[in-house]
Amino acid sequence: MAINQAEETSPSTSRNDQWVIDIGNPLYIHPSDSPGMTLVPVPFNGIGYRSWRRSVLRALSVKNKLGFTNGESRRPSPDSPQFRQWERCDNMVTSWILNSLAKEISDSVEYVNDSVDLWRELKDHYDQTNGAKLYQIQKEINDLAQGSLDITTYYTRMKRLWEELNTLSIKSQCSCN
């Protein structure tokens, strides 16, 4: 757990022999958190990366652990009093992400150094925008017909396809000068 002095000196100091637990600190680990937890109900199996990614980021945000995937929560020096707590939190986040992957994918990234490297490795491998994917989504939008679907199901499918297309289109735009 991250324990902070009311004056924010460090996570392992006390003030007048009174420990203050700062639950807003990213280094705080809730008693119910465990390395065996899964963040999302369906493990990522190589299909639907962006949807899976969004769900994982949402779950990590709730746990105040996004900084471990985007690099904001930097590894302190090994002689820092916060090093062990940071390492525990990073190992926890890494475990959660690995538990949210299908076995084959998990096995391929098991030996990464930390959660930011794991997140980067998954992004580099699965977050690819290509013309074939754009074409596939555009074709699905063109081919989608209400037919026997109720209006809510039809709308939900159409909305998901448009949002996915929009995400891919934004990512594939060149930002060169």
Side-chain angles (χ1 to χ4, degrees), residues 1-2 11 22-140 157 160-176:
M1 286 191 252
D22 180 6
I23 60 173
N25 187 321
L27 298 181
Y28 173 75
I29 297 176
H30 191 273
S32 68
D33 290 340
S34 74
M37 254 176 45
T38 56
L39 296 174
V40 293
V42 179
F44 175 63
N45 63 0
I47 299 170
Y49 171 78
R50 286 189 176 93
S51 175
W52 171 84
R53 177 183 176 272
R54 190 175 168 114
S55 297
V56 169
L57 288 175
R58 188 173 289 130
L60 289 172
S61 174
V62 167
K63 294 185 166 296
N64 197 21
K65 300 290 188 260
L66 277 178
F68 288 90
T69 58
N70 64 20
E72 287 177 10
S73 194
R74 297 184 193 277
R75 176 188 305 267
S77 67
D79 57 337
S80 167
Q82 294 183 337
F83 180 74
R84 288 281 198 216
Q85 186 63 28
W86 181 90
E87 192 174 48
R88 279 192 291 273
C89 288
D90 186 67
N91 286 333
M92 184 77 76
V93 171
T94 301
S95 295
W96 290 341
I97 295 170
L98 289 172
N99 291 339
S100 299
L101 299 170
K103 176 139 179 54
E104 311 78 53
I105 297 172
S106 177
D107 288 347
S108 73
V109 292
E110 184 176 354
Y111 294 102
V112 295
N113 292 325
D114 56 32
S115 54
V116 76
D117 287 347
L118 171 59
W119 198 249
R120 190 176 301 118
E121 179 84 19
L122 292 168
K123 182 180 189 293
D124 290 347
H125 191 75
Y126 295 101
D127 194 20
Q128 303 297 319
T129 300
N130 58 38
K133 183 67 173 172
L134 284 170
Y135 174 78
Q136 176 194 354
I137 293 171
Q138 289 170 337
K139 183 168 177 4
E140 284 182 52
R157 287 184 186 171
R160 181 187 59 78
L161 289 169
W162 275 109
E163 287 176 359
E164 191 173 358
L165 179 65
N166 187 42
T167 302
L168 285 173
S169 296
I170 288 170
K171 187 174 184 323
S172 65
Q173 291 176 358
C174 180
S175 58
C176 305

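Between L57 and W119 the shortest side-chain heavy-atom distance falls below 4.5 Å. In this structure the side chain of Q82 reaches within 4.5 angstrom of the side chain of L27, judged on heavy atoms. Using a 4.5 Å cut-off on side-chain heavy atoms (C-beta onward), L118 and D114 make no contact. L39 is not listed as a side-chain neighbour of N99, based on a closest heavy-atom distance of 4.5 Å or more.
The main-chain N or O of G48 is never found under 3.5 Å from a side-chain atom of S51 such that the two would form a donor-acceptor pair. Distance alone, capped at 3.5 Å, is enough to place a donor-acceptor pair between the D90 side chain and the S115 backbone. With hydrogens and angles ignored, the 3.5 Å screen pairs a side-chain donor or acceptor of S95 with a backbone N or O of N91. In this structure, the side chain of K65 does not engage the main chain of C89 through any donor-acceptor pair within 3.5 Å. Side-chain atoms of S100 never come within 3.5 Å of backbone atoms of T38 as a donor-acceptor pair (strictly under, hydrogens ignored). With N45 contributing its side chain and A102 its backbone, the two residues share no donor-acceptor pair below 3.5 Å.
Ring geometry, Y49 versus Y126: the interplanar angle falls under 30°, so the pair is classed parallel (tilted spans 30 to 60°). Note: Y28 and H30 have perpendicular aromatic rings, judged against thresholds of 30 and 60 degrees for the angle between ring planes.
Between atom OG of residue S77 and atom CZ of residue F83 there is a gap of 8.5 Å, rounded to the nearest 0.5 Å. The distance from atom CH2 of W162 to atom CD of Q138, rounded to the nearest 0.5 Å, is 8.0 Å. We find the CE-CE distance between M37 and M92 to be 8.0 Å, quoted to the nearest 0.5 Å. Atom CG of N25 sits about 8.0 Å away from atom CG of N64, to the nearest 0.5 Å.
Summarising the geometry of P41 relative to P43, their closest heavy-atom pair is O-CD, 3.8 Å, with the distance given to 0.1 Å. Taking all atoms of both residues into account, the shortest heavy-atom contact from W52 to V42 is CD1-O, 4.1 Å.
Between R53 and D127, none of the side-chain N atoms (NZ, or NE/NH1/NH2) sits under 4.0 Å from a carboxylate O, so this pair counts as no salt bridge. A salt bridge between K103 and D107 is present, with a side-chain N of the basic residue lying under 4.0 Å from a carboxylate O of the acidic one. Taking 4.0 Å as the cut-off between side-chain N and carboxylate O, E87 and R84 count as a salt-bridged pair.
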Item to check | Working for side chain to side chain contact (heavy atoms under 4.5 Å, CB included), residues R88 and I29 | outcome: CA-CA 9 Å; R88 279 192 291 273; I29 297 176; 4.2 Å; yes
Next on the checklist: Could you walk me through whether V116 and F68 satisfy the side chain to side chain contact (heavy atoms under 4.5 Å, CB included) test, starting with their C-alpha distance in whole Å, then the side-chain angles of each, then the deciding distance to 0.1 Å, before giving a yes or no?
Outcome noted: CA-CA 6 Å; V116 76; F68 288 90; over 6 Å; no
Next on the checklist: Is there a side chain to side chain contact (heavy atoms under 4.5 Å, CB included) between T69 and V56? Walk through the geometry before answering.
Outcome noted: CA-CA 10 Å; T69 58; V56 169; over 6 Å; no
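Because its NZ or CZ atom is both nearer than 6.0 Å to the ring centre of W96 and within 45° of the ring axis, K63 counts as a cation-pi partner of that residue.
With respect to V109, the side chain to side chain contact (heavy atoms under 4.5 Å, CB included) criterion is satisfied by exactly one of I97, D117, L101: L101.
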